Number of protein chains: 2
Amino acid sequence: MAVDPRTDKQAAASLGAMHTNGGRGSRKATDQTIYDSIYQAVLTQRLPPGSKLPEVALSELFGVSRSIVRKALTRLASDHVTEQSPNQMAVVARPGIEETRQIFAARRLVEGEVTRLVAGTLGKSEAQALRKLIKEEKSAHERGQDQHRVHCSMAIHQYLARQCPNQVLGKMMLELVLRTSIVIALYKAPGITACFLGNDHGRLADLIIKGEADQAAQLAREHLDTLEGLLDLDEPSGDIDLASILRYT
Amino acid sequence: MAVDPRTDKQAAASLGAMHTNGGRGSRKATDQTIYDSIYQAVLTQRLPPGSKLPEVALSELFGVSRSIVRKALTRLASDHVTEQSPNQMAVVARPGIEETRQIFAARRLVEGEVTRLVAGTLGKSEAQALRKLIKEEKSAHERGQDQHRVHCSMAIHQYLARQCPNQVLGKMMLELVLRTSIVIALYKAPGITACFLGNDHGRLADLIIKGEADQAAQLAREHLDTLEGLLDLDEPSGDIDLASILRYT
DNA sequence: GACTTAATAATTGTCGACATTAAAACGAAT
DNA sequence: ATTCGTTTTAATGTCGACAATTATTAAGTC
């Protein structure tokens, strides 16, 4: 599997590049630091799925004990960013095709209801904050800052989740937004650099602010449907591979 | 707050009663053992909400290091059974009235969809297993074994969650079933010893097996509505209490 | 007697060391 | 050359000890 015996250290190195700020030894790393570093590395695909995450390497990298690393890895696993098995190294999660579809289906259900509940409850300041986020996303899109645009897109959905009167559902939606962003990073079609979907977010915000609950929920579901459609979710189809390889005419 | 200085140890003692099997020293406790003990104690209200859970007391009780206790407490917190704050003792979760309503609302949404997805997908053996669970619940109800009946009721919903084609939604439903059982234990009206709701589970199973997705989902939601209605979710209403106390005619 | 402040006790946070277990490397026999 | 078994290595699992923080107690003052 590992063609290069230094594979493990390489995975850690791709984290260190982000973590060591300015080459100076990091001040004091907490579990949140490690959590964020790994999470960001997964989102930006610097840590591809299946990457090994040895505790000792991470502890040396961040200058903390294994306890802290272990805590971060446990939290990451509970958020489905990594996978943990007893007596086995933690690895970056590898959500499959089927799981990806299930995540999207779950998010359509939850975000639809959250959208319905949020609609009509936003005050002037909240509405303004939402519009500002959307404006920033549009700006990032036009300037071609794709990474920043993705960040803004997530921020918009997270903002809606936090504004939901039902915070139990809100927290569920936050988790699903997180998992969605991971599978998008994994399965987004190569050519698609900008998946800026029309002005969906703008229209969605208008409906929410106006209090059109049903229409807003419907649009949110369609938005997620479109997003899922942009992904490259074709089955690996091991049969065909094998046949084409064995045929040596 | 604590009228008795031994309050902490008392909380631990109520666990020990269940844990020490037959007075013999426990063989080897793992984090799952501690998790289950505390979880069961919370469900049976031997550990009322707000009970302190000191790590040292638990570690001595179960004969393991604090690391194991800490792991169990972390898992319990992520499942909303306990609450953890930095530099502060873990306590049994105290979900409030509003949170309880939100949990029920979320479960109506999720379990409704899970029910719809499961409907019509059960094979003969699965249908038989489901009917067996319902039969056992009914039997426990008739014999007055309330604790066993609650256990069966949970098992039924958990079985449906596990049969759901969308396991992302299934896992969410499992969490919500767990939280629901906790708030039921906390807020169930004093007089209600048997909240055996007609033959809801039997009718629900019939609809699911027959594949009547919409009707099954509708019945599941109504079932949860009825269940929530049986709880004692009146606001503590500090005002009225204060007024009635101060009036001394 | 109530309130503020300092000393004390108890609890959680973190760490390094050791035990245990799974994977990898090596070697001998077929 | 391949396979099985052994040895070696490297990772995780667990533990006890110390540091940091918080809650409690006690004393002192107004």
Side-chain angles (χ1 to χ4, degrees), chain A residues 1-13 15 25-35 37-38 47 50-78 81-93, chain B residues 1-13 15 25-35 37-38 47 50-78 81-93:
Chain A
M1 190 73 71
V3 291
D4 187 344
R6 288 171 307 178
T7 300
D8 298 0
K9 315 244 166 171
Q10 282 184 345
L15 279 175
S26 56
R27 302 174 327 185
K28 197 159 62 180
T30 173
D31 63 322
Q32 186 64 35
T33 311
I34 305 177
Y35 181 98
S37 293
I38 295 180
L47 281 182
S51 300
K52 295 180 180 178
L53 299 171
E55 296 179 0
V56 284
L58 292 173
S59 65
E60 292 173 1
L61 221 173
F62 289 92
V64 295
S65 172
R66 272 177 50 212
S67 314
I68 314 297
V69 174
R70 183 182 282 270
K71 192 189 300 183
L73 288 177
T74 300
R75 283 182 48 202
L76 286 165
S78 82
V81 178
T82 66
E83 297 171 358
Q84 267 183 324
S85 301
N87 292 320
Q88 211 145 349
M89 261 190 278
V91 297
V92 175
Chain B
M1 187 76 69
V3 290
D4 187 344
R6 287 172 308 178
T7 300
D8 299 359
K9 315 243 167 172
Q10 282 182 344
L15 279 175
S26 56
R27 301 175 330 185
K28 195 159 62 180
T30 173
D31 62 321
Q32 187 63 36
T33 313
I34 305 177
Y35 180 98
S37 294
I38 294 180
L47 279 182
S51 300
K52 294 180 181 178
L53 299 171
E55 298 179 359
V56 283
L58 292 172
S59 64
E60 291 173 2
L61 222 173
F62 289 92
V64 295
S65 171
R66 273 178 49 213
S67 314
I68 314 298
V69 174
R70 182 182 281 271
K71 191 189 301 185
L73 288 177
T74 300
R75 282 183 49 201
L76 286 165
S78 81
V81 178
T82 67
E83 297 171 357
Q84 267 183 324
S85 300
N87 293 320
Q88 211 145 346
M89 261 190 277
V91 297
V92 176

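If you're wondering where the values come from, they're calculated on a predicted model, not measured in any experiment. Note on naming: letters A, B, ... go to the chains in the order of the sequence lines (proteins, then strands), and numbering restarts at 1 for each one.
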| OG of B/Ser65 to CZ of B/Arg70: how many Å apart, nearest 0.5 Å? |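 Between atom OG of B/Ser65 and atom CZ of B/Arg70 there are 10.0 Å.
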| message | Once rounded to the nearest 0.5 Å, what's the spacing between atom CG of B/Leu58 and atom CD1 of B/Ile38? | response |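 It is 5.0 Å, given to the nearest 0.5 Å.
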Distance check needed: [N] [atom2] versus [X] [atom1], whole Å only.
X       : N      : atom1 : atom2 : answer
A/Met89 : C/dA22 : CE    : P     : 14 Å
A/Leu53 : D/dT12 : CG    : P     : 10 Å
B/Leu73 : C/dT12 : CG    : P     : 9 Å
B/Asp31 : D/dC15 : CG    : P     : 11 Å
A/Leu58 : D/dA11 : CG    : C1'   : 13 Å
B/Lys52 : C/dA10 : NZ    : P     : 13 Å
A/Ile34 : C/dT14 : CD1   : C1'   : 12 Å
B/Arg66 : C/dT14 : CZ    : C1'   : 9 Å

| Of the non-hydrogen atoms in B/Asp31 and B/Lys71, which two are nearest, and what is the gap between them? |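 In this case the closest contact between B/Asp31 and B/Lys71 is OD2-CD, 3.3 Å.
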| said: Here's a test for you: under side-chain contact (heavy atoms from CB on, under 4.5 Å), which of A/Gln84, A/Arg66, A/Glu83 qualifies with A/Leu73? | reply: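 Of the listed residues A/Gln84, A/Arg66, A/Glu83, the side-chain contact (heavy atoms from CB on, under 4.5 Å) partner of A/Leu73 is A/Gln84.
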| query | Looking only at atom types and distance, does a side-chain atom of A/Ser37 sit under 3.5 Å from a main-chain N or O of A/Ile34, one as donor and one as acceptor? | reply |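 No, A/Ser37 side chain to A/Ile34 backbone: no donor-acceptor pair under 3.5 Å.
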| Any donor and acceptor pair, going by atom type alone, linking the side chain of B/Thr82 with main-chain N or O of B/Ala77 inside 3.5 Å? |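 Yes, the answer is positive, given that a donor and an acceptor are paired below the 3.5 Å cut-off.
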Give the nucleotide from the list [options] with an atom nearest to the side chain of [X].
X       : options                : value
B/Asn87 : C/dT14, D/dT22, D/dG13 : D/dT22
A/Gln88 : C/dT12, C/dA23, D/dT12 : C/dA23
A/Pro54 : D/dA11, C/dT11, C/dG13 : D/dA11
B/Ser65 : D/dA11, C/dT11, D/dC15 : D/dC15
B/Ile68 : D/dC15, C/dG13, C/dC15 : D/dC15

| task | For A/Ser67 and for A/Pro86, locate the closest nucleotide of DNA chain C by heavy-atom distance; then report the residue assigned to the nucleotide nearer the 5' terminus. | result |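 Going by which nucleotide is closer to the 5' end, it is A/Ser67.
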For nucleotides 7-9 of chain D, print each protein N/O atom paired with a nucleotide N/O atom at under 3.5 Å, atom names and distance only.
none

| said: Within the structure provided, determine whether B/Leu53 and B/Leu76 are in side-chain contact (heavy-atom separation under 4.5 Å). | reply: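 Side chain of B/Leu53 against side chain of B/Leu76, heavy atoms only: no contact under 4.5 Å found.
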| query | Are any of B/Lys71's side-chain N or O atoms less than 4.0 Å away from OP1 or OP2 of D/dT14? | reply |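 B/Lys71 to D/dT14 OP1/OP2: side-chain N or O found under 4.0 Å.
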| Counting just side-chain N and O atoms, does B/Arg70 come under 4.0 Å of either OP1 or OP2 of C/dG13? |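 For C/dG13, OP1 or OP2 has a side-chain N or O of B/Arg70 closer than 4.0 Å.
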